[in-house]
Amino acid sequence: MKRRDFVKYTAAGLGAIWVGTKIPPWVKNDRAYAQVVNQALNFTITDALKDMVTHNDINIAQNYFWIYQEATLPAESPGPLIFTLEGAQINLVVTNALDENHEFAIPGIGFTTGPIAPGATFTGVINVPALSAGTYLYFDTLNAPVNRVMGLHGAFIIMPNPAAGTPYNAADLAGAPHVARLFRDLGNDGGASPWFPGLRWDEAGDNGPEFTPTPGFRQVVWVLHEASPNLFAEVGDFPPGQDFPAAVFLDRFLNNSFVPDGKNKPPADQGDTPQYFTISGQSGHFSHNTPFVTPFMRVGEPCVIRVLNAGLWTHCNHIHANHTYVLKVRSEFSGFNQFNIFEDLNPAQVVGITDNVVWLDTFGAHPLDVWDWLAPYMQPPDVPNNLGIGRADLQIQLPVDPEPVPNFGVIVEPSTGLAQIPRIRAGDTPAGETTWPPVQELNMAIPKAGTEIRGIPAHGPLSPMCYPMHDHSEPTQTAQGGNYNQGLIAGLMFIGDRNELGRLQRPAADSGIAVAANGVFTFPNAPLTFNDPAFGDAADNERAVYGPDFNKSPQPPAGPQPPYEEFM
């Protein structure tokens, strides 16, 4: 880049901030949420060079972005995840440090700074409307779609005020009784539902200290995006004060050729189509294994997934393990905004379409679409269940193989050295005990523990139970045209059984499954959370997924770093 000097930032994960004059008590009292709580937002519109998923010593893989840099959080693209409440007032300062006009806008609630000239500063107030609870994209609408796709976008989440036990307010629920009924079934009826006898979506820690901690509001945010290093660099080099032609950008971004050379290195002529596909700024391992993108929940802990398509591709996101419920769909482009996304279907031909929440495993969405999914976190259907998916508990355990599986078990060896980091090695699994939880599988690694490829550990423990989310738009699963599973992926992680007293027979002492005094199961290798008693001693432990210093950004590092210590 010649236009200006800028700082290089490594991929650090999506920052989060609570803002406004109204902060709910559960934010202040829960360390998982109370990271950055402000009365104001202070943005600088600037640029940055970001290390991407394939960046290493022999492959310099960086991408130029325009970014919303919030003063209290690390720089990142997309901009920080912003939470607030209906009716809040948010003081806003936005300074444009780039060379052309830019903007900060939340079209879904009718807010915009208007064009901000180079070097100028906007000062104003965002008045969050009443009855506006939902998921919104904030972005730069100028020179569309260039400014947005260059990185000037982020997620703006409005929580209902007062709380209504769902992501929506009481007025919304009155107009969408099928959504209200779903959340009642998902625990809001006190566990009386035979379909989902689990915890409320907003259960938090209200069920007493003897229970395994449950996140206050089980929700994650997926901001979908794609980036072209060649084209973005050219935009950065464009003459100061001039807008890059939007039609040229759109054509080259979508239609230019990209042909990898098959040598695991970027080709000499990479073209202008995207090479990187991200969820909330991360790709591959770094999006699939962080609980700020991939939810880590127990059976019976329903999770809301807020998805925003900030890019230019149409995505068909597909989740394994559970079908998900499409709660609501909005379009920042067309203004489409409703709960029943298929209201145009003929009720005589599709029975129940007008009074049920659609349940599916793949959902296609266009650029600027915003949609809320709900993953019910039912017992995964590939685990045998003699009563059917999502119904009441097993009454008779199905047969299991009582014999240990030789050499595929995960054996934890005592901590040694100053770091006090446990090591693992291969050994026999425990004997099979129950259909659910699958004790044998939860103590297994494939390939065997200790397997290495070129000195890097390559084994994959099967616990927590990991189910992928991938996009059926196949190119988005790669980075630089390389290996599948290096792009726009996430998933569902199952870290334990339902958070209820004495639901299942207690596993044997050598099963590797942690059992609380009340009989609640936590699977092996489950991550620690802020409220876990062991969290304070886990600064060098990968299970401390929120990072060692909760006073800083809530995000963990982008992923395990060399020398790939085997944390447990």
Side-chain angles (χ1 to χ4, degrees), residues 1-16 43-71 73-81 97-98 102 139-140 146-155 221-238 244 249 253 266 270 272-290 292-293 308 310-313 476 478-482 486-490 547 552-561:
M1 303 303 102
K2 301 176 182 178
R3 185 167 65 165
R4 49 175 291 171
D5 294 329
F6 43 81
V7 181
K8 179 182 76 174
Y9 298 98
T10 58
L14 186 64
F43 282 111
T44 298
I45 298 176
T46 184
D47 49 9
L49 196 63
K50 176 175 174 176
D51 294 346
M52 304 305 286
V53 64
T54 50
H55 182 75
N56 54 51
D57 290 342
I58 61 174
N59 180 44
I60 304 303
Q62 298 174 320
N63 208 102
Y64 175 77
F65 288 95
W66 289 343
I67 63 172
Y68 288 119
Q69 163 74 75
E70 212 286 322
L73 288 171
E76 179 58 65
S77 177
L81 168 59
L98 294 178
H102 287 287
F139 59 103
D140 183 349
V146 178
N147 295 3
R148 179 188 90 244
V149 176
M150 284 291 296
L152 291 176
H153 60 261
V221 177
W222 295 350
V223 181
L224 312 182
H225 186 241
E226 55 277 341
S228 165
N230 287 353
L231 186 56
F232 285 20
E234 187 172 340
V235 173
D237 277 333
F238 211 62
F244 193 92
F249 182 94
F253 191 86
Q270 296 171 310
D272 292 332
T273 53
Q275 295 180 35
Y276 302 106
F277 302 89
T278 61
I279 296 185
S280 298
Q282 301 287 1
S283 301
H285 163 81
F286 304 120
S287 56
H288 198 198
N289 292 300
T290 168
F292 291 93
V293 175
L308 307 95
L312 287 174
W313 282 52
T476 68
T478 71
Q480 293 190 324
Q486 280 292 304
L488 193 151
I489 64 167
K552 295 182 179 179
S553 168
Q555 311 311 315
Q561 302 298 313

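In this structure a side-chain-to-backbone donor-acceptor pair under 3.5 Å is missing from Thr278 to Ser283. Judged by distance alone, with hydrogens and angles left aside, the side-chain atoms of Trp222 form a donor-acceptor pair with the main-chain N or O of Val293 at under 3.5 Å. Although no hydrogens or angles enter the test, the distance criterion places no donor-acceptor pair under 3.5 Å between the side chain of His153 and the main chain of Ala310. Gln275 contributes no side-chain N or O that, together with a main-chain N or O of Gly481, makes up a donor-acceptor pair within less than 3.5 Å. Judged by distance alone, with hydrogens and angles left aside, the side-chain atoms of Ser287 form a donor-acceptor pair with the main-chain N or O of Ile489 at under 3.5 Å. Side chain of Asn59 to main chain of Thr54: a donor-acceptor pair is present (N/O by atom type, distance under 3.5 Å, no hydrogens or angles).
Scanning all heavy atoms of the two residues, the minimum distance from Pro80 to Glu70 falls at CG-CB, 3.9 Å. Contact record, Pro78 with Ser280: CD-C, 3.7 Å, taken as the closest heavy-atom pair. In this structure, Glu226 and Val149 approach most closely via the heavy-atom pair O-CG1, 4.4 Å. Between Ala75 and Gln69 the shortest heavy-atom distance is CB-OE1, 2.7 Å.
Separation of atoms CG (Leu312) and CZ (Phe249) is listed at 6.5 Å; rounding is to 0.5 Å. Phe277 contributes atom CZ, which lies 10.5 Å from atom CE of Met52 (distance to the nearest 0.5 angstrom). In this structure, CG on Leu152 lies 8.5 Å from CD1 on Ile67, to the nearest 0.5 angstrom.
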Please report the C-alpha distance between Glu76 and Lys50 in whole Å, then the side-chain angles of each, then the deciding distance to 0.1 Å, and finally whether the side chain to side chain contact (heavy atoms under 4.5 Å, CB included) criterion is met. CA-CA 8 Å; Glu76 179 58 65; Lys50 176 175 174 176; 2.3 Å; yes

Show your working on side chain to side chain contact (heavy atoms under 4.5 Å, CB included) between His225 and Phe65 and close with a plain yes or no. CA-CA 12 Å; His225 186 241; Phe65 288 95; 4.0 Å; yes

Under the side chain to side chain contact (heavy atoms under 4.5 Å, CB included) criterion, do Ile279 and Val223 qualify, and how do the steps go? CA-CA 5 Å; Ile279 296 185; Val223 181; over 6 Å; no

Ring pair (Phe, Tyr, Trp, His ring centres under 6.0 Å), that's the test. Do Tyr68 and Phe43 meet it? Break it down for me. CA-CA 6 Å; Tyr68 288 119; Phe43 282 111; 5.7 Å; yes

Please step through side chain to side chain contact (heavy atoms under 4.5 Å, CB included) for the pair Gln480 and Val53, ending with a clear verdict. CA-CA 10 Å; Gln480 293 190 324; Val53 64; over 6 Å; no

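Residues Asp47 and Tyr64 have side chains that bring a donor and an acceptor to within less than 3.5 angstrom of each other.
Between Thr476 and Trp313 there is a side-chain heavy-atom pair separated by less than 4.5 Å. Between Phe139 and Asn147 there is no side-chain heavy-atom pair separated by less than 4.5 Å. A heavy-atom distance below 4.5 Å is not found between the side chains of Asn63 and Leu49.
A ring pair (Phe, Tyr, Trp, His ring centres under 6.0 Å) with Phe244 holds for exactly one of Phe253, Trp66, Phe238; it is Phe238.
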